[in-house]
Amino acid sequence: MSGRTGLLAKNLICDFLNMINADSDLREEMEKAIHAEDTFTNIRDFRAKVKRDA
């Protein structure tokens, strides 16, 4: 996605990831959802490349 829709999606995903990282209960639940080494590969790749605009 590009333009304002892409920016909205990027910011929303980054906000969700920050919220999960800041909450130990949510992190635990996410860790339970990992079924294979590559379960969250796309999310990790996205997070490594994209920073949330402040």
Side-chain angles (χ1 to χ4, degrees):
M1 288 190 269
S2 62
R4 292 192 319 193
T5 302
L7 181 62
L8 174 64
K10 177 189 72 117
N11 289 342
L12 184 63
I13 293 168
C14 288
D15 287 347
F16 280 139
L17 293 174
N18 289 338
M19 184 174 56
I20 291 166
N21 283 330
D23 186 305
S24 60
D25 291 334
L26 283 175
R27 264 196 329 273
E28 274 185 44
E29 292 303 317
M30 289 298 291
E31 289 171 6
K32 291 178 191 175
I34 296 173
H35 300 288
E37 286 184 21
D38 63 347
T39 298
F40 294 109
T41 299
N42 290 337
I43 293 173
R44 276 192 294 271
D45 291 348
F46 172 86
R47 194 62 170 144
K49 292 178 185 176
V50 178
K51 299 294 180 201
R52 170 72 161 94
D53 295 334

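All of these numbers come straight from a predicted model, not from anything done at the bench. For the numbers below, each heavy atom of this structure counts, side chains included, while hydrogens, waters and symmetry mates do not.
- Closest heavy-atom contact between Cys14 and Arg47: SG-NH1, 3.4 Å.
- By the side chain to side chain contact (heavy atoms under 4.5 Å, CB included) test, Ile13 is found to be paired with Leu17, Phe46, residues two or more places apart in sequence or in another chain being considered.
- Applying the side chain to side chain contact (heavy atoms under 4.5 Å, CB included) criterion to Asp23, with sequence neighbours excluded, gives Asp25, Leu26.
- Phe40 is linked by a side chain to side chain contact (heavy atoms under 4.5 Å, CB included) to Met30, Ala33, Ile34, Ile43, Arg44, counting only residues two or more places apart in sequence or in another chain.
- Pairs passing the side-chain hydrogen bond (donor to acceptor under 3.5 Å, both in side chains) check and including a residue from residues 32-43, sequence neighbours excluded, read Glu29-Lys32.
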